[in-house]
Protein chains: 2
Amino acid sequence: MATTRIIDDDRLTAVGLLVEVHRGLTNKFAARLARHGLSENELEILLRLGRTPNCQLRMSDLAAQTSLTTSGVTRVVDRLERAGLVTRASCDTDRRGTWAVLTDTGLERVTAAVADHIDDVDRWYTGLLTPEQLAALTEALRIVRDTVRPEAVAGVDAARARPRAEV
Amino acid sequence: MATTRIIDDDRLTAVGLLVEVHRGLTNKFAARLARHGLSENELEILLRLGRTPNCQLRMSDLAAQTSLTTSGVTRVVDRLERAGLVTRASCDTDRRGTWAVLTDTGLERVTAAVADHIDDVDRWYTGLLTPEQLAALTEALRIVRDTVRPEAVAGVDAARARPRAEV
DNA sequence: TAACAATGGTTGACGGCGCAAAATATTGAA
DNA sequence: TTCAATATTTTGCGCCGTCAACCATTGTTA
């Protein structure tokens with residue numbers, strides 16, 4: 001029982017803060033997203049598709065970008081397809097592959113959802129900080145991201161949906 | 001299908017970064033925690049208990065601090081109890097209430113786990129930044145945390161396990 | 001004191017996601 | 001050609017945590 005003091009450490013509270021902020025934001029965002037019938041993961045997938053020239057991406061690319069498992073992506077896309085926001089198309093050049101393709105209604109839906117979402121982001125996150133604070137935050141996060149999740153860095157740009165870049 | 005341009009926004013990438021970092025860190029941490037037989041949530045609960053003078057906290061307090069549901073806390077504590085790291089004790093002053101009490105082996109376990117964990121935190125997070133960068137990051141996060149999750153601010157300090165602070 | 005709302009905690013049903021094993025397609029080598 | 005090794009996606013199973021319904025206790029109001 002005695003007194004314990006190992007457990008208070010600055011580094012620990014630093015991550016703690018990050019985790020708390022993440023959870024807090026997630027909760028704040030969830031409500032409005034739900035009004036659009038979307039979860040955070042679903043929004044992210046739709047976004048990634050929407051950022052692409054042809055509005056399509058291969059399942060494995062989605063998995064790489066989102067740090068969902070491929071199986072996770074399968075299920076999310078299942079739901080989105082059932083909702084009519086995405087369709088699957090088989091890949092001509094490699095018949096193992098599958099494209100997830102954003103439908104027109106999918107594009108409309110994500111556009112509307114994102115508009116609202118950005119309001120929330122501004123309200124609960126970026127809008128709370130001075131430009132300098134935000135810049136510093138972003139810079140620090142980018143440094144951590146680059147070493148903790150290097151695939152994603154490549155992923156964002158290398159996600160050219162057209163001829164399917166070899167990895 | 002057409003060309004899409006709605007979807008690129010600085011604010012969006014700012015949250016995206018936060019989410020990516022969180023996921024990345026979570027993944028990095030999970031491996032070593034698993035070697036201690038703990039999940040992130042389990043570690044957090046043990047930590048909160050360990051920080052307390054009597055190594056005990058009420059279920060509802062744990063829920064408030066961790067932003068798990070009360071039912072979530074019930075199940076985590078179930079597991080921890082099954083593992084012998086925590087016991088439940090009924091509360092004399094309010095017989096609805098239940099204390100979660102850290103056992104001696106629980107304290108040992110969390111101490112060992114935290115030591116390793118801090119290494120990871122330093123390696124993948126705090127150690128990557130200059131003191132100034134870390135300070136700026138922490139400050140910005142704290143601002144966001146305070147508005148996004150005000151309960152937690154009170155919670156951390158008001159978590160005096162002794163006579164049970166009224167909320 | 002009786003009646004009833006409010007609080008603390010647990011339970012059952014359920015959904016989301018990961019892991020590992022399938023199913024299918026591709027590539028390379030003998 | 002044929003067979004092994006590899007790559008892409010899906011599926012079976014199980015864990016974890018939420019939601020809503022529930023029981024027990026406490027506080028309040030009359």
Side-chain angles (χ1 to χ4, degrees), chain A residues 19 22-23 26-27 30-31 33-34 37-45 56-83 86-101 161 164-167, chain B residues 19 22-24 26-31 33-34 37-45 56-83 86-101 151 155 159 161 164-167:
Chain A
V19 172
H22 178 261
R23 282 181 179 166
T26 296
N27 288 341
L33 286 182
L38 294 175
S39 74
E40 208 172 349
N41 276 337
E42 290 162 354
L43 178 70
E44 188 178 1
I45 297 253
Q56 62 179 22
L57 231 41
R58 298 217 5 206
M59 303 294 282
S60 47
D61 291 329
L62 284 172
Q65 290 180 26
T66 55
S67 85
L68 286 173
T69 337
T70 61
S71 109
V73 172
T74 293
R75 303 192 203 270
V76 175
V77 170
D78 281 350
R79 292 200 298 274
L80 294 174
E81 192 168 26
R82 227 174 292 131
V86 160
T87 41
R88 278 178 231 243
S90 51
C91 178
D92 297 346
T93 65
D94 182 344
R95 283 184 3 224
R96 292 169 300 185
T98 307
W99 296 105
V101 188
R164 166 70 181 142
E166 273 66 273
V167 185
Chain B
V19 172
H22 177 261
R23 284 182 178 165
T26 296
N27 289 340
K28 294 294 183 194
F29 296 160
L33 286 182
L38 295 176
S39 74
E40 207 171 350
N41 276 336
E42 290 163 352
L43 177 70
E44 187 179 0
I45 297 249
Q56 61 178 23
L57 232 39
R58 297 218 6 206
M59 302 296 281
S60 47
D61 291 328
L62 283 172
Q65 291 180 28
T66 55
S67 86
L68 285 173
T69 338
T70 62
S71 109
V73 171
T74 294
R75 309 217 196 257
V76 176
V77 170
D78 281 349
R79 292 200 297 275
L80 294 173
E81 192 168 27
R82 226 173 295 132
V86 161
T87 42
R88 278 179 232 244
S90 51
C91 178
D92 297 345
T93 67
D94 182 345
R95 284 184 5 223
R96 292 168 301 182
T98 307
W99 295 105
V101 188
E151 337 81 68
R164 165 70 183 144
E166 274 67 272
V167 183

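Letters go in sequence order (proteins before strands), and every chain restarts at 1.
Between A:L57 atom CG and D:dT8 atom C1' the separation is 14 Å, expressed in whole Å. To the nearest angstrom, P of D:dG17 lies 14 Å from CG of A:N27. The interatomic distance linking A:E81 (CD) with D:dT9 (P) rounds to 14 Å, in whole Å. As rounded to whole Å, 16 Å separates atom C1' of C:dC17 from atom CG of A:L62. Nucleotide D:dG14 holds its P atom 17 Å from the CZ atom of B:R79, rounded to whole Å. Atom CG of B:L43 and atom C1' of D:dC16 are 17 Å apart (whole Å). The nearest whole Å value for the distance from the CG atom in B:D78 to the P atom in C:dG12 is 11 Å. Nucleotide C:dG8 holds its C1' atom 14 Å from the CZ atom of B:R95, rounded to whole Å.
With rounding to the nearest 0.5 angstrom, the CZ atom of A:R88 is 14.5 Å from the CH2 atom of A:W99. Atoms CD and CG, on B:Q56 and B:D61 in that order, are 10.5 Å from each other to the nearest 0.5 Å.
Taking the nucleotide of DNA chain C with the nearest heavy atom to each of A:L68 and A:D92, the more 5' of the two is matched to A:L68. In terms of position on DNA chain D, the residue among A:T98 and B:D94 whose nearest nucleotide sits closer to the 5' end is A:T98.
Electrostatic pairing of A:R23 and B:E40 does not count as a salt bridge here, judged by no charged N lying under 4.0 Å from a carboxylate O.
Between A:N41 and A:T66, every side-chain heavy-atom pair lies at or beyond the 4.5 Å cut-off. Side-chain contact check for A:T74 versus A:M59: some heavy-atom pair is nearer than 4.5 Å.
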Pull out every protein N or O sitting under 3.5 Å from an N or O of nucleotides 19-22 of chain C, one pair per line with the distance.
unit_1	atom_1	unit_2	atom_2	d
C:dC19	N4	A:S71	OG	2.9

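Using a 4.0 Å heavy-atom cutoff across all strands shown, A:V73 reaches no nucleic acid atom at all.
A side-chain contact (heavy atoms from CB on, under 4.5 Å) with B:V86 holds for exactly one of B:I45, B:V76, B:D78, B:L80; it is B:L80.
Side-chain nitrogen and oxygen atoms of B:N41 include at least one within less than 4.0 Å of the OP1 or OP2 phosphate oxygen of D:dG17.
Atom CZ of A:R95 sits in a sparse spot, with 12 or fewer heavy atoms from other residues, nucleotides or ligands closer than 6.0 Å.
At a cut-off of 3.5 angstrom, the base of C:dT26 holds no donor-acceptor pair with the side chain of A:R96.
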